[in-house]
Amino acid sequence: ETGVTQSPTHLIKTRGQQVTLRCSSQSGHNTVSWYQQALGQGPQFIFQYYREEENGRGNFPPRFSGLQFPNYSSELNVNALELDDSALYLCASSSGGDRVYGELFFGEGSRLTVL
Amino acid sequence: RKEVEQDPGPFNVPEGATVAFNCTYSNSASQSFFWYRQDCRKEPKLLMSVYSSGNEDGRFTAQLNRASQYISLLIRDSKLSDSATYLCVVNPSGGSYIPTFGRGTSLIVHP
């Protein structure tokens, strides 16, 4: 058990809809990263939050957005869902701040299916 | 060229075999390196860090070759329970400290 929890675990949406995924980081961790993992691929970095500020973003369009709250939990929002957004969305917490040198602790992920 | 590249496999080996995976990275200034293990439909979990001097943890040995920009993972005496996907992770530097994952190498250990 990593202490990182994500919700919901599974969800089904249709094209054009919006989705919000949630993540509670491990106690003591102030950094949350979000990754998208398509079937058969490695996790692709979406963005990272440190002390409520986005401090790194991967190659994802603006319809992917996020928040981090004062308790370091985080949300990932995706607007105007597309079929290719179907994937496992992983949240990882760490304590590195803007320089993550150590271990990432992952939640079990939210599996999104877009029909 | 992708930042982190791995042979996706699958590597299909019998129990007791020795198997090795390589992973190449493009950023020569990369700072730190890891191997994660991901079981089917589960989240990735840290297997081991990779140090310049190489490191060993039981049946697992990790090596780093900075000159050739690759890291390796050697698994000796493979067990059925080693069946998983092994993800190479590189922490770049020079302004971006975001861990970058390879696509993973699938290992299947059969009886």
Side-chain angles (χ1 to χ4, degrees), chain A residues 1-7 9-10 21 23-26 29 31-50 54-60 66 87-113, chain B residues 2-10 21 23-27 29-52 55 57 62 64 71 73 84-108:
Chain A
E1 291 271 334
T2 64
V4 180
T5 58
Q6 291 188 243
S7 64
T9 55
H10 295 81
L21 308 178
C23 171
S24 294
S25 60
Q26 186 174 61
H29 285 179
T31 305
V32 171
S33 307
W34 286 92
Y35 286 82
Q36 180 196 66
Q37 188 175 25
L39 201 61
Q41 301 295 318
Q44 297 296 307
F45 174 73
I46 302 175
F47 41 57
Q48 177 174 286
Y49 280 85
Y50 170 57
E54 183 183 294
N55 75 331
R57 188 178 182 93
N59 189 26
F60 281 81
L88 179 67
Y89 288 84
L90 293 162
C91 167
S93 82
S94 58
S95 57
D98 60 346
R99 298 189 178 196
V100 181
Y101 290 113
E103 182 177 357
L104 294 172
F105 295 84
F106 284 90
E108 293 186 355
S110 294
R111 190 168 298 279
L112 171 65
T113 302
Chain B
K2 287 188 177 180
E3 287 185 64
V4 180
E5 295 204 60
Q6 292 183 254
D7 179 347
F21 310 136
C23 166
T24 59
Y25 60 94
S26 59
N27 186 340
S30 294
Q31 295 273 354
S32 52
F33 310 87
F34 306 88
W35 284 101
Y36 279 71
R37 170 190 168 130
Q38 186 172 27
D39 292 306
C40 187
R41 303 184 75 81
K42 295 286 191 179
E43 75 276 19
K45 294 182 180 177
L46 180 68
L47 177 65
M48 59 197 305
S49 303
V50 186
Y51 304 121
S52 297
N55 48 302
D57 182 3
L64 167 63
I71 67 173
L73 177 68
T85 296
Y86 292 84
L87 296 160
C88 167
V89 183
V90 175
N91 278 11
S93 64
S96 167
Y97 293 89
I98 308 300
T100 302
F101 284 73
R103 65 174 296 179
T105 297
S106 176
L107 172 65
I108 301 170

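Scanning for ring-ring contact (aromatic ring centres under 6.0 Å, His included) contacts around Tyr51(B) gives an empty result, with sequence neighbours left out. Judged as a side chain to side chain contact (heavy atoms under 4.5 Å, CB included), and not counting sequence neighbours, the contacts of Asp7(B) are Phe11(B).
Summarising the geometry, atom CZ belonging to Phe106(A) is positioned 10.0 Å from atom CG belonging to Leu46(B); distances are rounded to the nearest 0.5 Å. Interatomic distance, Leu90(A) CG to Lys42(B) NZ, rounded to the nearest 0.5 Å: 12.5 Å. Gln37(A) CD to Thr85(B) OG1: the interatomic distance, rounded to the nearest 0.5 Å, is 8.0 Å. Put simply, NZ on Lys45(B) and CD on Glu103(A) are 10.5 Å apart, with the number rounded to the nearest 0.5 Å. Separating the CD atom in Gln44(A) from the CZ atom in Arg103(B) is a distance of 10.0 Å, to the nearest 0.5 Å.
Of the atoms belonging to Gln38(B), it is side-chain heavy atoms, and not backbone ones, that fall under 4.5 Å from chain A.
For the residue pair Pro43(A) and Pro44(B), the shortest heavy atom distance occurs at CG-CG, 4.4 Å.
A side-chain donor-acceptor contact under 3.5 Å links Tyr36(B) to the backbone of Leu104(A).
A donor-acceptor contact closer than 3.5 angstrom is absent between the side chains of Glu43(B) and Gln6(A).
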